[in-house]
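Computation of the quantities below employed the complete heavy-atom set of this structure, encompassing side-chain atoms and omitting hydrogens, waters and symmetry-equivalent molecules.
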Amino acid sequence: ARIEAAAMLAPLLSSAFRPFYFLGALYAVLLTVAWLGAYLGAWDVPSVGTPLRLWHGHEMLFGFAAAIVTGIVLTALPSWAGTEEIRGKRLALLVILWLAGRLAFWAAPWLPPLAPALVDILLFPAAFLMLAPQLARASNRLYLLLLPILLALAAANGVYHAGILAAHTHLAGLGLRGALYAIIVLYVLKGGVLTPIFTGNALREKGRGQQAPFNVELEMLAAGVVLLLAALDLAGARPLWIGLAALACAIVHAARAARWQGWRLHDVPLVFVMHLGFAWLIFAFALKAAAELAGLVPEAAWVHAFTIGSLGLMMLGLMTRVSLRHTGRPLVVPASMKLAYGMMFAAALLRLAATVHGLGDWAIALAAVLWGLTFLVYLVVFGAMLVRPSLPRAGGVD
């Protein structure tokens, strides 16, 4: 029995994208059902008095997003940074820590007060300890920037739990906002490398041009303005300064994305969906500026624009690419996944409209259903591939 179990787990633990994409997508579906039922008053979630919005925010960031981000990063590093792939027992440990965090979070009402926090904060420190020695030896020192992001995510989770333990909802919300900014910084750094490279490859293949040359100053500015916005927002600076920083983010990232010429690849779904993700990022920064400078939209509008529109589309695009390529399949997007991209885009538009125009519970519920369905589609299409051995494939950088 042990041999059979080991044989079944071997493919699943051969690369980080396999367990984390599978569990992250499955958890997205479960979260949609749990949150939507609680939001509509059909049932309660086990939250120990935590407001539903904080409960929802934590599990979206440290439950769902943490799984997908971990899968993306750990799978990409061996190809891009030349590090050793984390697999087998070490990968199993990270998966167990993620699962333990989810179980502790859900079982919080029946555990000692500190227990959920102590268990839930372990994933990112463990990933840091595994990656730090490898990245210290990497020839490209820029990959070391991943380490403070992992520490920032761990610290943000700690701040959230400290706020919950102290019944200080503002502090808990600040922890979630810190995690959101850490993910945005990672998005800007990693997405800003992958998107132009994949775009350049596709442009050459289609005979439509070349990759935009790397501009170090612009890349540093793009990361710097996001860090400035994060610092001002988390410190509770005046709305004027936060709004100006957000406006700077929108302008700089629009100039950055324009250089990549993503519109030339509207017929290449795996690349175009990444550009749509960056378009939503720019829109999110613009909404943040509009909220802070003039109060034109609710402050929550920019959060939904990023988390659903920008992050959602980029995740789906990368999950599709990695799942196809790393299981030995051609990079051809199934029609059902193209539909999923459309549903994610529609979910972002609907959720944003519900926030800005007060459309009511029906719009929020429909947006949530569309969001959850995208990951259900992913599971149906790729679930079996994730738990089975890969097909032979040609080499290449992913």
Side-chain angles (χ1 to χ4, degrees), residues 25 27-65 106 160 164 169-170 172-174 176-177 179-180 183-184 233 239 242-243 246 250 276-277 279-316 339-378:
Y27 198 54
V29 177
L30 296 176
L31 270 181
T32 299
V33 174
W35 175 82
L36 189 55
Y39 177 78
L40 297 176
W43 52 67
D44 293 323
V45 292
S47 59
V48 200
T50 305
L52 183 61
R53 63 179 181 82
L54 293 178
W55 184 96
H56 168 69
H58 182 274
E59 286 308 275
M60 287 295 291
L61 292 173
F62 293 106
F64 159 72
W106 282 81
Y160 168 86
I164 295 300
T169 57
H170 176 73
L174 200 63
L176 296 183
R177 184 60 60 94
L180 182 67
I183 291 174
I184 292 175
D233 199 9
I242 297 173
L276 288 178
W280 272 102
L281 175 68
I282 296 161
F283 188 33
F285 287 140
L287 288 170
K288 176 69 170 172
E292 298 289 348
L293 293 175
L296 295 177
V297 296
E299 208 271 343
W302 86 277
V303 175
H304 292 130
F306 173 72
T307 54
I308 303 175
S310 184
L311 190 61
L313 286 168
M314 184 65 76
M315 280 181 170
L316 284 177
L339 176 62
Y341 300 163
M343 288 194 298
M344 183 63 79
F345 196 92
L349 284 178
L350 188 56
R351 188 64 181 88
L352 184 60
T355 301
V356 174
H357 300 294
L359 298 183
D361 291 345
W362 70 268
I364 295 173
L366 181 55
V369 169
L370 287 171
W371 183 88
L373 281 176
T374 64
F375 293 100
L376 180 60
V377 170
Y378 173 84

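Within the 4.5 Å cutoff, no side-chain heavy atoms of Leu370 are placed close to those of Met344. With contacts defined as side-chain heavy-atom distances shorter than 4.5 Å, the pair Leu31/His56 does not qualify. The shortest side-chain heavy-atom distance between Tyr341 and Leu276 does not fall under the 4.5 Å cut-off. Side-chain atoms of Ile183 and Phe306, non-hydrogen and from C-beta on, do get closer than 4.5 Å to each other. Met60 has its side chain out of reach of Thr307: every pair of non-hydrogen atoms, C-beta onward, lies at least 4.5 Å apart. By the 4.5 Å heavy-atom criterion applied to side chains, Trp371 and Leu350 are not counted as neighbours. Counting heavy atoms from C-beta on, the side chains of Glu59 and Tyr27 come closer than 4.5 Å. Within the 4.5 Å cutoff, the side chain of Met314 has no heavy atoms near those of the Leu281 side chain.
Between Ala289 and Gly243, the shortest heavy-atom contact is CB-O, 3.6 Å. What you find for Gly372 and Thr32 is that their closest heavy atoms are CA-OG1, 3.4 Å. Scanning both residues, Ala38 and Val45, for their nearest heavy atoms gives CB-CG1, 3.8 Å. The two atoms that bring Pro298 and Thr355 nearest to each other are CG-O, 3.4 Å, heavy atoms only. A pairwise comparison of heavy atoms in Gly277 and Ser310 identifies O-OG, 2.7 Å as the closest pair. Residues Thr50 and Leu54 share a closest heavy-atom pair of CG2-CB, 3.8 Å.
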task: Determine, step by step, whether Ile164 and His58 satisfy the side-chain contact (heavy atoms from CB on, under 4.5 Å) criterion, reporting the C-alpha distance in whole Å, the side-chain angles of both residues, the deciding distance to 0.1 Å, and the verdict.
output: CA-CA 11 Å; Ile164 295 300; His58 182 274; over 6 Å; no
message: Test side-chain contact (heavy atoms from CB on, under 4.5 Å) on Tyr378 and Thr374; report intermediate values, then the result.
response: CA-CA 6 Å; Tyr378 173 84; Thr374 64; over 6 Å; no
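The line from CZ of Phe62 to CG of Leu176 is 6.5 Å long, rounded to the nearest 0.5 Å. Atoms OH and CD1, on Tyr39 and Ile364 in that order, are 3.0 Å from each other to the nearest 0.5 Å. Summarising the geometry, atom OG1 belonging to Thr169 is positioned 10.5 Å from atom OH belonging to Tyr160; distances are rounded to the nearest 0.5 Å. Rounding to the nearest 0.5 Å places NE2 of His304 at 13.0 Å from CG of Leu311.
Aromatic rings from Phe375 and Phe64 are positioned such that their centres are separated by under 6.0 Å.
Put simply, the side chain of Trp35 never gets that close to the backbone of Trp55: no donor and acceptor are under 3.5 Å apart.
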